[in-house]
Number of protein chains: 2
Amino acid sequence: MKGIPDIIAALRPCQSVLISVHKNPDGDALGSQLALMRALERSGKRVHAHNLDPVPEIYRFLPGVERITSGAKVAGSYDAFMVLDADPPRTGLFDGIYPAPTLINIDHHVTNPLAWPLTWLDPHATATGEMIYHLVQEMGTDIDREMALCLYTAIFTDTGSFRYTNTTPSCMRIAADLIEKGADTWLVTENVYESYTYRRIKLLGIVLSGMVRHNDDRIAHVLVTEEMYQQTGASAEDTDNFVNYVRAVKGVEVAILFRQTGKNQYKISLRSKGRVDLSAMAQALGGGGHKNAAGGVLDGSFDEVCRKVVTAAEKVLADQLGAPRA
Amino acid sequence: MKGIPDIIAALRPCQSVLISVHKNPDGDALGSQLALMRALERSGKRVHAHNLDPVPEIYRFLPGVERITSGAKVAGSYDAFMVLDADPPRTGLFDGIYPAPTLINIDHHVTNPLAWPLTWLDPHATATGEMIYHLVQEMGTDIDREMALCLYTAIFTDTGSFRYTNTTPSCMRIAADLIEKGADTWLVTENVYESYTYRRIKLLGIVLSGMVRHNDDRIAHVLVTEEMYQQTGASAEDTDNFVNYVRAVKGVEVAILFRQTGKNQYKISLRSKGRVDLSAMAQALGGGGHKNAAGGVLDGSFDEVCRKVVTAAEKVLADQLGAPRA
């Protein structure tokens, strides 16, 4: 495994750099990408940022974001290709034949298989943005107001605004430094957490008013149907994060979101409050995921699918937490 | 105006201390109160914490919270009476005749009138918890795990988990230090943001699904009726924060929550996204408040009350922001 000095040495002779991040890019991926693009350009390199998927609406405030191109094809060849916040296949680009002689991967996900010799993986970093912060400083580049905003957004979003367990003293001190360097914290908050579409909030209302609890109330589910999309003008992307409202209910250990994806097909999102491990349950249902967040897709009528998932959740609870509380 | 050395000098001869905070205590008030109680007890003093209102459910995880008494009457006399996070009348206690010869007020609200000679006011402090952090350290008391949790909760809640404009580099560095001293960040998140009652989330769903926009969509309102309480088993306290979901809608500058408080009476909560000042509007409607948060109570049918408030909001927008966007 490599580190900052290896990356700086490898980049030194490169004139042109392509930077990509994972599919469905999030705040950490995009903030890291834009801050690094700016830093490399400051040191005289030609940089192109390209991802498979376009930038989500809520991140369009990031400085430089209009320069990120998207799509399955990328023209041109480069001296270096850098993949951030993911292992290279997760970019969904190039099918393993990369357009540069120098390949650099920077990531904080412990699942990264270190496929590229020049991979810098720091699973202790809260966000890839934290790694880019250190890299840019070691490159001798001053972090300007725009870079500060990008890196702050990276850390802010990957910690759920400093709510999740990955909130470390180190990431908070970096965030403090980035505010001093000019990151406008309210601009980030307003765009990320205060810019929901009207149709999303209407849909959220309909979905939450239909919430159902099961068994001993340690399981709760909500359902999003195609009819609800028609009723509100919302679409699947508006349901992002809905399952977390269910998880936030006191006493709920397993939260379930069913999202209709066909007449008899439902996408399932599962969330745990941390006391039960959902990964085995998701695999048993033909899906996948981590301890606290997992999912899959099931065919069948809603009643069938719901019964199957709730029964599996009841088993997980019984196995891992024991009998219901009195 | 006084500071830390004056407070330490005044407390030195005191054997017994009563600490109170404002009505409807929040995370900053309670976290500050409990951390200071613990620090003073460590230096050998007898401390009693008492507030007018009981501790809200979401703060019952704070260490020592079971020792806070509540109610309009407080028995006994003390060497010192300390009021935190409010000017003394906002405690709702004692009617101006206080049960101690030494009176100390610690607050960060710029509106504090400095009525007590020994008032330490720091309007630049993000939270009173930030001030207590400095005070305890100057007292020479080590901040233990329990104090760290209380002070972290104070700063975390007063910044809306580091989302609001009052999020400063200084408060983030203190938060980082408090995590190092043992504050369990997820415990705070889970209790404050992931412990909503089922009835609250059901009510939220019903309320949001009925959201209405006005004029050019820069105004939106929601309505909570007594019938909705019956339908869900929820009550007025479950509506806390609902208006912020309305404010979070993209394009909305003025968010309005109408909460039925009688057959023909509605409590009104107003929120601005920061571009319009609501204080004059609230006063014109017979209420009060600040730039971004104001409210009042109006009598009349819902249609009358709604029309009155929406018309006032339209005027505020026209006066302060000009014509609607195209």
Side-chain angles (χ1 to χ4, degrees), chain A residues 57-58 156 159-181 184-186 188-211 213 217 220 222 231-232 244-252 273-274, chain B residues 57-58 156 159-181 184-186 188-211 213 217 220 222 231-232 244-252 273-274:
Chain A
E57 181 70 26
I58 59 169
F156 180 85
T159 55
S161 84
F162 307 102
R163 290 185 185 184
Y164 299 155
T165 47
N166 62 351
T167 303
T168 60
S170 151
C171 87
M172 296 206 87
R173 291 199 177 102
I174 292 171
D177 188 40
L178 294 170
I179 298 172
E180 276 175 349
K181 288 177 160 57
D184 179 342
T185 59
W186 179 248
V188 184
T189 297
E190 188 177 357
N191 278 281
V192 174
Y193 292 114
E194 305 257 330
S195 298
Y196 291 126
T197 58
Y198 181 69
R199 58 180 187 271
R200 176 189 157 96
I201 299 289
K202 292 284 278 191
L203 179 65
L204 176 66
I206 294 168
V207 168
L208 292 183
S209 62
M211 182 166 49
R213 287 191 292 188
D217 301 344
V222 290
Q231 205 178 332
T232 57
N244 293 334
Y245 291 90
V246 184
R247 188 191 60 191
V249 173
K250 199 179 175 76
V252 167
K273 212 172 254 167
Chain B
E57 181 70 26
I58 59 169
F156 180 84
T159 55
S161 85
F162 307 102
R163 290 184 185 185
Y164 300 155
T165 46
N166 62 351
T167 302
T168 60
S170 151
C171 87
M172 296 206 85
R173 293 200 176 101
I174 292 171
D177 188 41
L178 294 170
I179 298 172
E180 276 174 348
K181 288 179 160 56
D184 179 342
T185 59
W186 178 247
V188 183
T189 295
E190 189 178 357
N191 278 281
V192 174
Y193 292 114
E194 305 257 331
S195 297
Y196 291 127
T197 58
Y198 181 68
R199 59 179 186 273
R200 176 188 158 98
I201 300 289
K202 292 283 277 190
L203 179 65
L204 176 66
I206 293 167
V207 168
L208 292 183
S209 62
M211 182 167 48
R213 286 192 291 188
D217 300 345
V222 290
Q231 205 178 331
T232 56
N244 292 334
Y245 291 90
V246 184
R247 188 191 59 192
V249 173
K250 198 178 176 75
V252 167
K273 213 172 250 165

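Per chain, numbering begins at 1; letters A, B, ... match sequence-line order.
Interface remark: A:Arg213 contributes backbone and side-chain atoms alike to the contact with chain B (heavy atom separation under 4.5 Å). Neither the backbone nor the side chain of A:Gln231 comes within contact range of chain B; no heavy atom of the residue lies under 4.5 Å from a heavy atom of that chain. Of the two parts of B:Asp177, the backbone and the side chain both hold a non-hydrogen atom closer than 4.5 Å to a non-hydrogen atom of chain A.
By the side-chain hydrogen bond (donor to acceptor under 3.5 Å, both in side chains) test, B:Glu194 is found to be paired with A:Arg247, residues two or more places apart in sequence or in another chain being considered. Contacts of A:Thr168 classified as side-chain hydrogen bond (donor to acceptor under 3.5 Å, both in side chains), with partners at least two apart in sequence or in another chain: A:Thr126.
Of the listed residues (A:Tyr193, A:Tyr164, A:Tyr198), the one with the most heavy-atom contacts under 4.5 Å to chain B is A:Tyr198. No other option in B:Ile206, B:Val249, B:Thr232, B:Val246 has as many heavy-atom pairs under 4.5 Å with chain A as B:Val249. Per-residue heavy-atom pair counts under 4.5 Å with chain A were compared for B:Ala176, B:Ser170, B:Gly160, and the maximum is reached by B:Ala176. Residue with the most contacts toward chain A among B:Thr185, B:Thr167, B:Ile201: B:Ile201 (heavy-atom pairs, distance under 4.5 Å). Your options are A:Ala248, A:Ser209, A:Ser195, A:Ala175, and the one with the most heavy-atom pairs under 4.5 Å with chain B is A:Ala248.
Remark: the backbone N or O of A:Tyr196 is not paired with any side-chain donor or acceptor of B:Lys250 at under 3.5 angstrom.
Taking the side chain as every heavy atom from C-beta outward, B:Met211 and B:Tyr245 never approach each other to under 4.5 Å.
The aromatic rings of A:Phe162 and A:Phe156 stand perpendicular to each other, their planes meeting at an angle above 60°, with 30° marking the opposite boundary.
A:Glu180 and B:Pro169 get closest at one heavy-atom pair: CG-CG, 3.4 Å.
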